[in-house]
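Only one structure is covered here, and it is reproduced in the block below.
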Amino acid sequence: MAALGVNGPEDDSPNWDNVAWRRHEENVRRLRGRIFKATKDGDWPQVRNLQKLMLRSWSNTLVSVRQVAQHNAGRATAGIDGQVALTSPARMDLAEQTHRTAQSFMPLAVKRVYIPKANGKQRPLGIPVISDRVHQARHRNALEPEWEARFEPKSYGFRPGRSCQDAIQVIHVTACGATAQRLWVLDADLTAAFDKIDHDRLLATIGNFPGRTKIRGWLKAGVFEKGKGFTPTDAGTPQGGVISPLLLNIALHGLEEAAGVRKERSDPQRTKRGSPSLIRYADDMVALCYSKQQAEDVKTRLAAWLAPRGLTFNEDKTRIVHLDDGFDFLGFTARRRNGKLLMKPSKAAVKRVRHRLSAEFRALRGTNPATVLAKINPIVRGWANYYRGAASSIVFAALDVHLWRLTYKWACHSHPHKPRPWIVNRYFGRYNPDRQDRWVFGDRNSGAYLPKFAWTKIVRHRLVRGNASPDDPAQAGYWAERRSKNQPLLDRRTLHLLRRQHGTCPICGELLLHADREPQSPREWEQWHRTARKAITRQIIAVYGNGLSDDARLVHSFCLRRTTGGQQEPAPLNS
DNA sequence: CGCAGATTGAC
RNA sequence: AUUGUCAAUCUGCG
Ligand SMILES: Nc1ncnc2c1ncn2[C@H]1C[C@H](O)[C@@H](COP(=O)(O)OP(=O)(O)OP(=O)(O)O)O1
Ligand SMILES: [Mg+2]
């Protein structure tokens with residue numbers, strides 16, 4: 001208690017299940033913020049001191065163990081030592097052990113496993129032992145905020161608070177207008193990026209970070225492969241290491257300047273006219289240039305800059321093209337059509353999801369509709385969600401046609417002797433009350449149905465501010481506002497209606513939600529509109545009248561049915 | 001508001 | 001067993 005859990009395990013209850021996670025996360029978050037700020041201020045002695053503090057922090061250890069041994073998908077996969085920590089006592093042991101050995105531990109070799117890549121080749125993973133993953137996570141919390149304060153604003157891969165959609169949107173806004181000047185594109189990727197990073201160069205870049213000898217230890221730890229034994233490593237960082245993504249970003253820091261990108265002196269956020277613009281996502285990058293010649297110059301400059309860092313372009317994935325011919329980036333295709341730049345799902349991505357869906361339906365033959373929905377709905381929702389910020393309507397419609405075929409074939413296969421109208425009647429209908437669509441595949445037992453890609457609302461993605469970092473204490477307000485604006489799209493209007501009606505149903509006069517009274521405090525309102533959202537999705541309450549106009553009312557859906565005799569459909573309340 | 005599980009996508 | 005980082009989303013429970 002006294003030292004806010006920063007100094008040692010003795011401060012805390014030894015029970016993993018009683019750990020005050022909120023407090024420890026807050027400790028780590030605050031310390032990250034201080035490292036970020038000290039870096040921005042250029043106060044290097046302070047940066048190093050705070051990093052040492054982070055490397056001694058018990059909160060950091062706890063948070064890191066939870067991430068690695070509890071939250072991550074690979075928690076049950078051991079490294080070469082065969083160790084995992086899947087129970088609460090084992091996790092507490094792991095925390096105490098990693099904390100005790102924070103200075104003395106020796107990194108172990110990673111386990112080599114090969115997984116298939118999208119292009120059919122193999123990806124060599126390097127899986128560290130669980131305790132090394134914890135140590136790496138601890139070091140990342142010390143190292144990352146320093147570099148977050150320095151990274152280029154247009155680098156998006158592996159960085160907290162930044163997404164593929166941000167990178168795509170930046171390309172869109174810099175090349176969308178009819179008057180856009182940068183029409184030649186260098187689209188480049190590096191060969192085996194993680195595996196080839198030069199150790200000495202990287203360690204020099206990291207400088208006198210207090211955990212540098214440990215970082216060095218992980219880089220040099222070597223590989224153990226079943227049947228082949230131990231191999232030392234002389235380059236690269238393991239694909240599977242917790243800090244590896246951060247290390248790649250550090251190794252590639254400065255790439256933008258090397259490409260010849262120049263910023264306005266008055267506003268360092270803006271790139272100079274005449275200068276190319278470079279957007280990077282991990283080892284994948286796009287340079288928007290004024291001419292083909294400029295794109296070629298950028299490429300030669302970059303190749304020279306990359307070489308001493310151990311990195312080379314992957315010529316198979318590197319090209320120089322005109323925007324009118326289009327290029328693929330992060331699963332999107334960018335292409336200019338009569339003066340406008342369109343970002344749509346790439347051909348390869350569409351093909352992949354098509355094959356995925358076909359394969360799933362093949363595997364689902366002979367099951368019931370509920371099983372189909374349980375398997376397919378998350379795929380549709382997840383995929384549509386990723387592309388909802390782009391010009392995806394046409395692709396979505398095409399995928400719905402594909403899905404219709406698959407469901408129809410699936411239904412026919414289930415009932416080979418029934419007539420077609422029977423099959424259609426049995427499995428297809430107007431299952432979604434908000435849509436006038438009779439061709440929705442659904443389960444007549446539960447009323448559950450298969451959503452269509454095309455129902456996904458196309459929403460413009462909100463771009464992150466160029467230099468924004470969640471580690472920056474000065475920008476805490478920006479991130480809070482961003483979260484609140486992004487989250488409750490549906491709740492804004494609903495909350496307004498709820499408050500106006502004092503939480504009651506105008507038809508029966510009862511409270512709309514299962515609560516004994518109208519909420520009084522702001523905190524109670526907060527909880528209210530959370531339950532309201534659930535109630536709406538479950539159609540316990542509905543909107544009476546035009547859902548968009550001001551005279552709309554929230555009512556119990558059974559009240560609505562009773563008064564209108566089922567005449568009026570529940571108005572679409574979105575979803 | 002707190003805890004937990006799951007899926008999708010990029011690399 | 002297939003690891004890691006990041007983002008988005010959904011669903012449960014108290
Ligand atoms: N599934 C993954 N697990 C861990 N790290 C990954 C994974 N996918 C990609 N990465 C990391 C490691 C890669 O070196 C880096 C760049 O990805 P990518 O360009 O697809 O492969 P690559 O650069 O290693 O080989 P290639 O020569 O085919 O480009 O991102
Ligand atoms: Mg690559």
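Hydrogens, waters and symmetry mates are skipped; everything else that's a heavy atom, side chains included, is used.
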| Starting at the 5' end of RNA chain C and moving along, which residue's nearest nucleotide shows up first, A/Ala76 or A/Arg133? | A/Ala76
| message | Is A/Thr77 close enough to C/U3 that one of its side-chain N or O atoms is under 4.0 Å from OP1 or OP2 there? | response | yes
| field | Euclidean distance, atom NE2 of residue A/His71 to atom P of C/G4 [Å, nearest integer] | value | 12 Å
| task | Any salt bridge (charged side-chain N to carboxylate O under 4.0 Å, His left out) involving residues 65-84 of chain A? Give me the pairs, sequence neighbours left out, ordered by first then second residue. | result | A/Glu25-A/Arg66
| request: Take atom CZ of A/Arg75 and atom C1' of C/U2, then tell me their distance rounded to the nearest Å. | output: 14 Å
| Is the shortest side-chain N/O distance from A/Lys111 to OP1 or OP2 of C/U2 below 4.0 Å? | yes
| said: Would you say CZ of A/Arg212 has more than 12 non-hydrogen atoms from neighbouring residues, nucleotides or ligands within 6.0 angstrom? | reply: yes
| query | Is the NZ atom of A/Lys226 crowded by more than 12 outside heavy atoms at less than 6.0 Å? | reply | no
| message | Just the rounded figure in Å: distance from C1' of C/G4 to NE2 of A/His135. | response | 17 Å
| task | Pick base, sugar-phosphate or nothing for A/Gln122, based on heavy-atom distances below 4.0 Å to the nucleic acid. | result | nothing
| note | Taken to the nearest whole Å, CD1/A/Ile130 to P/C/U2 is 12 Å
| Under 4.5 Å between any side-chain heavy atoms of A/Asn377 and A/Leu450, yes or no? | yes
Acceptor/donor pairs from residues 388-400 of chain A side chains to any protein atom, 3.5 angstrom cut, sequence neighbours excluded:
from: A/Arg388; atom 1: NE; to: A/Asn385; atom 2: OD1; distance (Å): 3.2
from: A/Arg388; atom 1: NH1; to: A/Asn385; atom 2: OD1; distance (Å): 3.1
from: A/Ser392; atom 1: OG; to: A/Tyr387; atom 2: O; distance (Å): 2.7
from: A/Asp400; atom 1: OD1; to: A/Phe453; atom 2: N; distance (Å): 2.7
from: A/Asp400; atom 1: OD2; to: A/Phe453; atom 2: N; distance (Å): 3.4
from: A/Asp400; atom 1: OD2; to: A/Ala454; atom 2: N; distance (Å): 2.9

| note | To the nearest angstrom, the CG-P distance between A/Asp17 and C/G14 comes to 18 Å
| said: Quick check on RNA chain C: between A/Pro116 and A/Pro470, whose nearest nucleotide comes earlier from the 5' end? | reply: A/Pro116
| said: Without decimals, in angstroms, what is the distance between A/Gln165 CD and C/C6 P? | reply: 16 Å
| remark: Of C/U5, C/U9, C/U3, the nucleotide closest to the side chain of A/Arg388 is C/U9
| message | With a 4.0 Å cutoff (strictly under), does any side-chain N or O of A/Arg140 reach OP1 or OP2 of C/C6? | response | yes
| query | Heavy atoms, side chains only, cut-off 4.5 Å: are A/Ile127 and A/Arg133 in contact? | reply | yes
| said: According to side-chain hydrogen bond (donor to acceptor under 3.5 Å, both in side chains), who are the partners of A/Asp283, at least two apart in sequence or on a separate chain? | reply: none
| query | Using a cut-off of 4.0 Å on non-hydrogen atoms, how would the nucleic acid contact of A/Gly241 be classed: base, sugar-phosphate, or nothing? | reply | sugar-phosphate
| message | Test your reading of the model: is there a side-chain donor-acceptor pair from A/Arg91 to the backbone of A/Ala85, 3.5 Å cut-off? | response | yes
| Which whole-number value in Å describes the distance from A/Gln136 CD to C/U5 P? | 10 Å
| Which part of the nucleic acid, if any, lies within contact of A/Ala167, taking any heavy atom under 4.0 Å across all strands shown: a base, the sugar-phosphate backbone alone, or nothing? | nothing
| said: Could you spell out the base pairing of RNA chain C as a dot-bracket line? Use Watson-Crick and G-U wobble contacts where both distances are under 3.5 Å, [ ] for crossing pairs, | for partners on a different strand. | reply: ...|||||||||||
| request: Looking at every strand, decide which applies to A/Ile127 at a 4.0 Å heavy-atom threshold: base, sugar-phosphate, or nothing. | output: sugar-phosphate
| Does A/Asn377 put a side-chain nitrogen or oxygen below 4.0 Å from OP1 or OP2 of B/dT7? | no
| For A/Lys214, all residues meeting salt bridge (charged side-chain N to carboxylate O under 4.0 Å, His left out), sequence neighbours excluded | none
For nucleotides 8-11 of chain B, tabulate all protein N/O to nucleotide N/O atom pairs closer than 3.5 Å, reporting atom names and distance.
from: B/dT8; atom 1: OP1; to: A/Arg356; atom 2: NH1; distance (Å): 2.8
from: B/dT8; atom 1: OP1; to: A/Arg356; atom 2: NH2; distance (Å): 2.6
from: B/dA10; atom 1: OP1; to: A/Arg352; atom 2: NH2; distance (Å): 2.8
from: B/dA10; atom 1: O4'; to: A/Tyr386; atom 2: OH; distance (Å): 3.3
from: B/dA10; atom 1: N3; to: A/Tyr281; atom 2: OH; distance (Å): 3.0
from: B/dC11; atom 1: O3'; to: A/Asp283; atom 2: OD1; distance (Å): 2.7

| request: In whole angstrom, give the distance that lies between atom CH2 of A/Trp21 and atom P of C/G14. | output: 23 Å
| message | So, OP1 or OP2 of C/A7: does either fall under 4.0 Å of a side-chain N or O from A/Arg159? | response | no
| query | Do A/His402 and A/Ser358 get their side chains close enough for a donor-acceptor pair, meaning under 3.5 Å? | reply | yes
